[in-house]
Amino acid sequence: MKKKRMLVIPIILIAFLCVSEIFAYLTDMEQTTNTFTLGDIKITLTEPNYDTEEAAKISPNKVIDKDPTITNVGKNDAYIFAKVEMPYYSATSVGQSAAADTELFSLINFAGTAGTNTGWTQLSRTADMETHKVTYLYAYTGAETSTMETVEKGEEVVLFNKARFANLKDYSELTSDSDDTIIETFDLKVEAYAIQKELATDEGVQITNPESVWAIIQNSY
């Protein structure tokens with residue numbers, strides 16, 4: 001399942017300047033009005049290669065195309081974040097003798113290795129067996145993991161390329177806590193967030209630290 005989330009923060013500035021010089025019998029007034037265009041942040045979240053039919057035939061260790069692509073379609077440069085929420089159950093994988101807490105999906109990047117694509121930095125991982133979910137938070141930082149990278153107007157960034165289902169030995173272990181019914185469908189949820197770069201400031205100083213910028217977004221909800 002894919003979700004769209006976006007933080008739209010408009011800003012408008014109007015500057016008015018009036019200069020008047022008065023001499024004997026002569027008055028001269030010059031007036032200038034500077035109007036700045038209303039800025040906005042708008043992003044889209046798409047998965048161009050996702051195949052619903054293939055996703056409906058999931059099986060242990062199967063790899064499916066899933067490529068969350070975040071595009072800045074607004075008027076201003078932005079900082080981008082993404083959350084990935086995946087199912088988390090006690091299950092026995094191939095090669096294991098007993099069940100263990102298991103993330104049912106793993107992410108695969110463009111290079112075919114585990115993890116997100118280049119440019120993304122993991123900020124946190126939260127696991128909750130009561131809700132059977134693991135949530136990852138990522139920031140788009142480019143090459144420098146300690147600072148945010150600007151995503152310009154019209155630019156897109158891809159979080160990961162594919163997803164692999166866990167190599168489970170016993171699918172019947174994936175049951176509902178309430179009635180032990182075998183669960184047959186799972187969600188791999190992605191959310192995207194954006195904030196206008198110019199708004200990530202502290203008394204006029206640009207904030208680039210990913211955790212600090214994310215705190216600004218959280219305070220906006």
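When a residue number appears, it is its place in the shown sequence, counting from 1.
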Within the 4.5 Å heavy-atom criterion, are [X] and [Y] side-chain neighbours or not?
X: Trp120; Y: Ile80; result: yes
X: Leu168; Y: Leu174; result: yes
X: Leu123; Y: Glu211; result: yes
X: Phe165; Y: Ser59; result: no
X: Pro87; Y: His132; result: no
X: Thr208; Y: Glu144; result: no
X: Met148; Y: Lys197; result: no
X: Asp67; Y: Phe110; result: no

Atom [atom1] in [X], atom [atom2] in [Y]: separation rounded to 0.5 Å?
X: Ile58; Y: Thr185; atom1: CD1; atom2: OG1; result: 12.0 Å
X: Lys66; Y: Ile108; atom1: NZ; atom2: CD1; result: 13.0 Å
X: Leu199; Y: Ile207; atom1: CG; atom2: CD1; result: 10.5 Å
X: Glu198; Y: Asn76; atom1: CD; atom2: CG; result: 6.0 Å
X: Leu104; Y: Ile183; atom1: CG; atom2: CD1; result: 9.0 Å
X: Glu47; Y: Leu159; atom1: CD; atom2: CG; result: 9.5 Å

Using every non-hydrogen atom in the two residues, find where [X] and [Y] come nearest and quote the distance to one decimal.
X: Lys169; Y: Gly95; result: CE-N, 4.5 Å
X: Val63; Y: Lys162; result: CG1-CD, 3.7 Å
X: Asn49; Y: Asp65; result: O-CB, 3.3 Å
X: Lys42; Y: Asn72; result: O-OD1, 3.5 Å
X: Ala98; Y: Thr92; result: C-OG1, 3.5 Å
X: Ser146; Y: Pro210; result: O-CD, 3.1 Å

Do [X] and [Y] sit in one hydrophobic cluster, given that two such residues count as connected whenever their side-chain heavy atoms are within less than 4.5 Å of each other, even indirectly?
X: Val73; Y: Val151; result: no
X: Tyr138; Y: Val158; result: no
X: Tyr88; Y: Ile182; result: yes
X: Val190; Y: Tyr50; result: yes

Distance-only polar pair, side chains of Thr181 and Asp179, donor-acceptor under 3.5 Å: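 Asp179 and Thr181 do have a side-chain donor-acceptor pair below 3.5 Å.
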Distance-only donor-acceptor check, side chains Ser178 and Ser176, under 3.5 Å: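 The answer is yes; a qualifying pair exists.
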Exceeds 12 heavy-atom contacts within 6.0 angstrom, atom NZ of Lys133: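 No, NZ of Lys133 has 12 or fewer neighbouring heavy atoms, counting only those of other groups under 6.0 Å.
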Lys153 NZ: over 12 foreign heavy atoms closer than 6.0 Å: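 Incorrect, the count does not exceed 12.
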Tyr136: which of Glu103, Gln122, Glu85 passes side-chain hydrogen bond (donor to acceptor under 3.5 Å, both in side chains):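 Passing option: Glu103.
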Chi angles and distances behind the side chain to side chain contact (heavy atoms under 4.5 Å, CB included) call for Met86, Leu107: CA-CA 10 Å; Met86 62 178 66; Leu107 310 181; 4.2 Å; yes
Proximity of Tyr193 and Trp214 rings by center, below 6.0 Å: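 Judged by ring-centre distance (under 6.0 Å), Tyr193 and Trp214 do meet the cut-off.
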Short side-chain to backbone donor-acceptor contact, Thr102 and Ala100, under 3.5 Å: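 Confirmed, Thr102 side chain pairs with Ala100 backbone.
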Phe186 and Tyr171 aromatic ring geometry - parallel, tilted or perpendicular at 30°/60° bounds: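 Rings of Tyr171 and Phe186: perpendicular, over 60°.
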